[in-house]
Structures are given as C-alpha cells and as structure tokens.
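Worksheet: the structure to be examined is printed underneath.
These figures come from a predicted structure and were not determined experimentally. All chains are named by letter (A, B, ...) in the order of the sequence lines, taking the proteins before the strands, and each is independently numbered beginning at 1.
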Number of protein chains: 2
Amino acid sequence: MKGGMTRSEMLVEISNRLHAEAIASLPPNVRRRIRALRTLQKEFVDIEAKFYSEVHALECKYDKLYKPLFEKRSQIVKGSYEPTDEECLNPWRDESEEEELARAVKDTNITDATDKSKPEEKPAEPPMDPNVKGIPDFWYNIFRNVSMLCEMMQEHDEPILKCLEDIKVQLHEDPIGFTLEFHFAPNDYFTNTVLTKEYSMKCKPDEENPLEFEGPEIYSCKGCEINWKKGKNVTVKTIKKKQKHKSRGSVRTVTKSVQADSFFNFFSPPAMPEDPNSTIASDIQALLTADFEIGHYIRERVVSRAVLLYTGEGLDDDDDDYEEEEEEEECSEEESEDEEPAPRRRGKRGTKGPPENPAECKQQ
Amino acid sequence: MKGGMTRSEMLVEISNRLHAEAIASLPPNVRRRIRALRTLQKEFVDIEAKFYSEVHALECKYDKLYKPLFEKRSQIVKGSYEPTDEECLNPWRDESEEEELARAVKDTNITDATDKSKPEEKPAEPPMDPNVKGIPDFWYNIFRNVSMLCEMMQEHDEPILKCLEDIKVQLHEDPIGFTLEFHFAPNDYFTNTVLTKEYSMKCKPDEENPLEFEGPEIYSCKGCEINWKKGKNVTVKTIKKKQKHKSRGSVRTVTKSVQADSFFNFFSPPAMPEDPNSTIASDIQALLTADFEIGHYIRERVVSRAVLLYTGEGLDDDDDDYEEEEEEEECSEEESEDEEPAPRRRGKRGTKGPPENPAECKQQ
C-alpha cells in the first residue's frame with residue numbers, strides 16, 4: 001500500500017487517473033467542448049449557491065415559528081407548565097393500545113414483586129413517584145436512545161447528563177451558522193448553566209474547486225470553557241506511571257493527567273490544522289468531520305424531533321448501522337489501552353432499548 | 001425467524017415493543033405530558049410542511065434560471081453549438097496538467113502501435129475522428145460511470161443508450177412532482193423521440209402517522225409506452241420450454257415471452273399494490289422504493305452535474321458502495337436463474353473506469 005492511503009483512497013486515485021487519461025485521449029476539440037461544459041457548470045453552482053442562501057433565509061424565518069413550540073416543550077419537560085387536557089389529545093393515535101399496555105405492565109410489576117420463586121438479582125426498582133415534576137431524564141434518555149450520542153456518553157457522564165434540561169439551536173444569518181446550547185440545571189459538576197458549541201458554515205463555491213460545491217457546509221466549530229467544580233472534571237484522568245532511573249535503576253511512580261473519554265470533550269474540539277497536508281492534519285480532519293456530523297445531526301434531528309427519539313418512535317435504521325461500527329471499534333480500543341484501567345466505554349448493545357425508568361437513576 | 005421478517009425488522013419490532021413498554025410503565029401524568037409533546041410535534045410538522053412547500057417553490061424559481069445553462073449544454077453535447085474561446089476558459093483549473101497528460105497519452109499510443117513485440121490481443125482502436133461533432137456518447141458514458149445507472153444497463157441496452165442525447169427534468173408545481181425526459185436521436189429501436197418517467201410527490205404529513213413526516217416524498221410514478229420497432233424490443237425475451245404430456249408422455253417445445261433485464265424496464269414500473277399488506281406488496285414496494293431512489297438521483301445529481309459524472313470528477317464513494325452490493329447480488333442471481341441463458345448482467349468492476357473511447361463503440 002502506498003504510504004498512509006487506505007484501499008478505498010487508492011482506488012479513488014486510480015479511478016481519477018484513468019478518467020483523466022480517458023479525457024486526455026479525446027481529440028482537442030472535444031476536450032475544448034468539455035471545458036465549455038465546465039464553464040456552464042461553474043455558472044450553475046454560482047446560481048445554486050444563491051438558491052441555498054435563500055433556503056437558509058427561509059430556515060431562519062421558520063425558526064421563529066418553531067421557537068414557541070420548543071419553548072413550551074422545554075417548560076413541560078422541566079415541569080414548569082402543566083398541559084391542559086386538550087393539549088394532551090393525540091387524535092391520530094390509538095391510545096387504547098397504550099392504556100392496555102400500561103395495565104399489563106402494572107400487573108406484571110405486581111406479580112414480579114410477590115413471586116418469591118423468581119431469583120432476585122437486584123432489588124426491585126422503586127416505582128417512579130407518581131407526583132414527579134415534568135418528564136424526568138428526558139434528554140438523558142434521548143442520549144441513551146440515539147446511538148451517535150450514546151457512543152459519546154461515558155458512565156461518568158451520565159449523572160451530569162441527567163441534569164441536561166434542554167438543547168436549543170440558535171441560527172446565525174450572516175455569516176451563516178448555528179450554535180447548539182446545552183442548558184443544565186444547577187449541578188455538582190460545573191458552574192455553567194449553558195454549554196455552547198458554535199458551528200460556522202459557508203455557502204459559496206470554493207475558489208479553487210468551485211465545481212465541488214454541493215450546498216452549505218460546516219467548516220469550523222468552537223466549543224466553550226467548562227468551569228468544573230473541584231475534582232469533578234470528567235474529561236481528565238490521572239494515571240500513574242512507573243519510571244526507572246537510567247543509571248541507578250531505582251523506580252519511582254509519577255502521576256500525570258491525560259484526557260479521558262467523555263461526552264464533554266465535545267466542547268473542546270481540536271483546532272483546525274494549520275498545514276492541511278501534515279500527517280496529523282488528516283487525523284484531526286477526520287475528528288472534525290465526525291464532530292460536524294454530530295453537530296448537524298443534533299441540529300437537524302435531535303432538537304426538532306426530541307419527543308420521537310425519547311419514545312423511540314423516531315429512531316431509524318441508521319442508529320443500527322452506527323451501533324455495529326461501535327462494536328468493532330471497541331475491540332481495537334481494548335488492544336491499544338496501555339495505561340491504567342479507565343472507565344470503560346460501555347458496549348451498549350441495548351442502545352435502542354427503552355428510555356430508562358427514571359427510578360433506576362437514583363441508584364447510581 | 002418470524003414469517004417473512006428479516007433479522008433487522010425483528011430487531012426493530014422488539015425495540016419498538018421495549019420502548020412502548022417503557023413508556024407504559026411511566027406514571028399516568030408523565031405519559032400525559034409526553035402526549036402533550038406529541039401534540040407540539042404535530043404542530044411542528046404542520047409548519048415544517050409549509051417550509052418544504054416554500055423550498056419547492058424556490059426550486060421552481062431557480063429551475064428557470066438553470067434551464068438556459070442546460071439548454072446550452074445540450075447544444076454543445078449534440079454539436080449544434082460550438083463554444084467560443086472565452087466559454088472554454090476554466091480559470092480555476094490548472095490546464096497545463098491536462099495538456100501534459102494528453103501529450104503523454106498520444107506518445108503512448110504511437111509507441112504501442114509500433115511495438116511489434118507486444119502481443120496484439122485485439123486490433124488497435126482507430127483514433128476518434130478529430131472533426132467529430134459535439135461530445136460523442138456523453139450520456140452513455142455517464143451511464144457507464146455511475147454505478148446506479150450502470151447496474152441497470154444491459155449489454156443490449158448499450159447501442160440504444162448511445163443514442164441518448166439529453167436528460168431533462170420538468171418540475172411540477174401543484175401537485176408537486178417532476179418528470180424525467182430522456183431525449184433520443186432517431187434510432188433503429190423505437191419511434192419515440194422522448195421517453196418519460198413522471199414522479200408524484202407529496203409534501204403533507206400523513207393523516208394517520210403525521211409525526212413520521214420528514215419532508216417531500218415521492219409516492220408514485222408513471223412510465224410511458226415505448227413504440228419498439230419490429231424485433232427490437234430488448235425488454236422481452238423468448239424462452240423455449242419443454243412440456244411433457246401427462247398421460248401420453250410425449251414432449252413438445254413451447255415458446256413464450258418473458259421480461260428481460262433492461263434499463264428500459266425503468267419506463268414500465270410496477271403498479272402500486274392495492275392491498276399494501278399482501279405478500280407480493282412488500283416485493284413491489286421494495287422495487288418502487290429502489291425506483292424512487294433512482295428517479296431522485298437522476299434529478300438531483302445526474303442532470304445537475306452531468307459533466308462531472310462524465311469526466312469522473314463528480315463520482316463519489318457512494319458509487320463504490322453500490323458496486324460492492326452489486327457484486328454480491330450477482331451471485332444469488334446466478335443461483336435463481338432457471339430458464340435459458342439470458343443476456344447476463346455484466347459484473348462491471350470497472351464501472352468507475354474512464355469514459356469509453358467513442359472509437360470503441362463502432363466495433364459493437
């Protein structure tokens with residue numbers, strides 16, 4: 001293999017070369033006409049860029065219409081607003097099914113509790129307080145249900161994410177972009193009430209490669225500082241390392257801080273590499289590409305369809321795909337782990353499982 | 001396995017069930033609040049549907065701006081318009097590279113022709129006529145380069161697709177949708193000059209499942225009749241079958257017509273099943289889903305970026321993915337082939353190869 005190239009990259013390079021040679025073998029006047037088509041294509045993307053700018057303006061217009069709905073959702077989730085009976089009607093749904101299931105689940109719970117023959121592996125969960133406020137752990141359960149988010153969430157992140165009260169999107173008109181705001185209840189971990197991640201987009205064909213334009217694209221992002229309370233920073237871990245003195249042969253143990261896996265690393269994205277052709281640049285670029293996808297996904301799917309991700313109605317096959325990759329990745333991580341055992345990334349096969357019963361949380 | 005379900009469908013069903021149970025186990029007032037969030041979600045999709053309608057109106061507006069560019073492209077491809085020198089400038093490109101490659105290719109050709117020691121497997125291709133009109137086989141080469149199209153193209157389709165002069169999209173405003181027009185030069189195969197495929201879209205949440213709405217969706221399509229010239233219909237083949245008389249035991253051979261694999265089946269999509277729950281309905285639905293994807297792809301990618309698919313500049317990784325699946329599929333097809341050998345679907349590994357040298361075509 002050519003240095004550092006994947007098989008797929010190599011195939012692309014070979015294919016590009018073959019295409020270029022085929023074009024080069026055409027008579028000059030045919031190649032000249034192809035150049036004329038490229039000129040037309042350039043005119044096309046210049047107009048298309050204006051189309052996408054108009055779409056973004058439309059998005060900003062509609063964002064104002066969505067905002068009151070999201071605000072009311074936030075209040076219902078937090079428990080600061082109790083919906084009226086009328087607001088709770090879902091006329092398109094067959095609610096008798098849900099009622100029946102609710103009765104069945106209740107009956108099962110009672111049977112379980114009195115069934116002495118069943119081995120009790122862990123103490124029965126106390127039922128959720130029927131007078132509980134709002135919808136407990138709403139956003140935390142979305143993190144559990146959506147593979148892309150679940151994969152980022154470590155065990156030590158969970159109690160913090162249970163304090164997540166809302167995710168909001170603020171759109172920026174000029175230059176275009178958006179900010180994700182993660183609103184937290186007062187908590188024991190950091191003093192911030194809002195953590196932000198800002199994405200900058202561009203909606204213009206690149207000067208050097210104008211024909212590659214396919215619409216607005218995220219090109220950079222900015223996190224925020226988290227003011228961790230003492231000893232609560234889950235994004236660092238201390239590791240102990242034994243060092244042997246070169247000549248004396250004596251051994252000492254040093255402690256050093258290294259980055260720990262955590263969802264909260266999302267707020268410290270790597271800086272864009274200055275030299276885009278360096279070896280490290282391609283690693284960073286891969287990290288940023290993944291980050292942009294997550295930001296885009298949260299904006300497009302999570303914020304606008306939160307209730308469906310909470311109930312599971314809106315989870316799709318993509319979640320499954322993502323999960324499989326996650327499992328593979330985990331193996332290789334195991335091999336490369338060379339320092340002291342860190343909180344393990346959990347192999348959440350049940351990612352698409354039910355929203356956790358909030359009563360469970362109290363046990364952590 | 002449960003009757004007819006794939007593993008993935010079963011997992012989805014189990015997951016849905018678990019989600020439903022988890023929701024059912026919540027206290028009634030929490031479930032009530034979730035219903036209020038669904039009501040808000042319904043309001044959201046109703047507004048979102050208006051947003052998408054506005055986007056479609058914008059698309060229609062921009063379509064008028066794109067049309068003259070596509071018209072000029074068509075004329076250059078057909079050779080009815082010769083671009084000016086200024087129109088052939090691609091100032092953002094390094095054209096010296098192309099020139100250099102062209103010289104190299106030319107030199108190689110000359111060497112090849114005079115190198116007597118090289119085994120000559122087939123006669124050398126005559127170079128393309130330097131005075132050729134337009135860009136020969138422009139659309140045919142796009143079919144060859146794009147896996148999704150290449151897979152549909154059979155060997156017997158190729159000479160017909162070499163007569164394809166343009167693909168145009170006509171947008172419909174109300175009800176929304178679009179028609180793909182395939183314009184052909186006069187040919188020996190059919191008398192039509194245009195073959196059409198019409199797609200109907202809807203941009204309203206479904207009444208029974210409003211929350212599933214995610215934007216405009218193709219929901220039906222209509223082909224067109226092809227007036228095949230006598231003996232030229234590539235979409236049917238005749239097969240011979242031996243029949244044994246039940247009592248007498250005598251054998252006779254009957255001939256019957258069956259559908260043959262062909263790109264031109266694209267113009268005879270299956271009718272929507274009347275009973276969507278019948279066994280055959282899910283097969284038809286799968287065929288239609290694939291058809292809608294192709295229609296969408298031609299509209300979104302092929303027509304708007306034709307030159308980049310011709311030169312190979314605009315082919316992406318998706319093409320690769322598609323190809324791998326194709327290879328797998330072919331194996332199973334081999335097993336199920338039970339009648340007399342039909343023109344085989346070609347395992348085009350070189351799908352992303354160079355646009356065929358038009359000189360080659362003359363040999364077929």
Let's test your reading of the structure: which of I14(B), V45(B), V77(B), D85(B) forms the most heavy-atom pairs below 4.5 Å with chain A?
D85(B)
Give the member of A36(B), P27(B), C88(B), P210(B) that has the highest number of heavy-atom pairs under 4.5 Å with chain A.
C88(B)
R305(B), E86(B), R17(B): which one forms the most heavy-atom pairs within less than 4.5 Å of chain A?
R305(B)
Can you measure from CG (N29(A)) to NZ (K133(B)) and round to the nearest 0.5 angstrom?
13.0 Å
Using only atom types and a distance under 3.5 Å, with no angle test, would you say the side chain of R33(A) pairs donor to acceptor with the backbone of G134(B)?
yes
Output the distance between atom CG (D46(A)) and atom CG (L69(B)), rounded to the nearest 0.5 Å.
10.0 Å
Could you go through the side chain to side chain contact (heavy atoms under 4.5 Å, CB included) check for I135(B) and L37(A) one step at a time?
CA-CA 10 Å; I135(B) 305 177; L37(A) 296 197; 3.7 Å; yes
Between R301(A) and E214(B), is there a side-chain N and carboxylate O pair less than 4.0 Å apart?
yes
Does E100(A) CD have over 12 foreign heavy atoms under 6.0 Å away?
no
Name the region of Y81(A), side chain, backbone, both or neither, that has any atom closer than 4.5 Å to a heavy atom of chain B.
neither
Counting heavy-atom pairs closer than 4.5 Å to chain B, which one of N16(A), N209(A), I34(A), N131(A) comes out on top?
I34(A)
Rounded to the nearest 0.5 angstrom, the CZ-CG distance for R73(B) and L40(A) is 8.5 Å
Among N90(B), V307(B), D94(B), residue most engaged with chain A (heavy-atom pairs, under 4.5 Å)
N90(B)
I'd like to know if the side chain of Y66(B) pairs up with that of E48(A) as donor and acceptor (distance under 3.5 Å, no hydrogens or angles considered).
no
Is it true that R31(A) and E99(B) have a side-chain N and a carboxylate O under 4.0 angstrom from each other?
yes
Counting heavy-atom pairs under 4.5 Å with chain B, which one of A24(A), G79(A), A20(A) comes out on top?
A24(A)
Between E82(A) and R32(B), is there a salt bridge with N-O shorter than 4.0 Å?
yes
Distance, nearest 0.5 Å, that separates CD of E54(A) from CD of E54(B)
10.5 Å
Identify which part of Y62(B) has an atom lying under 4.5 Å from any heavy atom of chain A, answering side chain, backbone, both or neither.
side chain
Tell me whether the count of non-hydrogen atoms from other residues, nucleotides or ligands lying under 6.0 Å of NZ in K168(B) goes above 12.
yes
Do L89(B) and T39(A) have side chains that get closer than 4.5 Å, going by heavy atoms?
no
If you measure from CD1 on I76(A) to CZ on R35(B), what distance do you get to the nearest 0.5 Å?
12.0 Å
Just wondering, do K61(B) and F51(A) contact through their side chains at under 4.5 Å, heavy atoms?
no
For atom NZ of K78(A), decide whether the heavy atoms of other residues, nucleotides or ligands shown that lie under 6.0 angstrom number more than 12.
yes
Run the side chain to side chain contact (heavy atoms under 4.5 Å, CB included) test on V30(B) and V132(A) for me, step by step, so that the C-alpha distance in whole Å, both residues' side-chain angles and the decisive distance to 0.1 Å come before the verdict.
CA-CA 8 Å; V30(B) 176; V132(A) 70; 3.4 Å; yes
Only pairs of heavy atoms separated by less than 4.5 Å count here; which of A306(A), P91(A), A102(A) has the most with chain B?
A102(A)
Does K67(A) have more than 12 heavy atoms from other residues, nucleotides or ligands lying within 6.0 Å of its NZ?
yes
Against chain B, label R93(A) side chain, backbone, both or neither, depending on which of its atoms sit under 4.5 Å from a heavy atom there.
side chain
Proximity breakdown for S304(A) and chain B, heavy-atom pairs closer than 4.5 Å:
both
Intermediate values then yes/no, side chain to side chain contact (heavy atoms under 4.5 Å, CB included), L211(B) and W92(A)
CA-CA 10 Å; L211(B) 307 192; W92(A) 67 90; 3.9 Å; yes
I want to check something: taking the side chain as every heavy atom from C-beta on, are I23(B) and Y310(A) in contact at a cut-off of under 4.5 Å?
yes
Check Q41(A), H19(A), R38(A) against E313(B) for a side chain to side chain donor-acceptor pair (under 3.5 Å) and give me the one that passes.
R38(A)
If you round to the nearest 0.5 Å, how far is CD1 of I47(A) from NZ of K64(B)?
13.5 Å
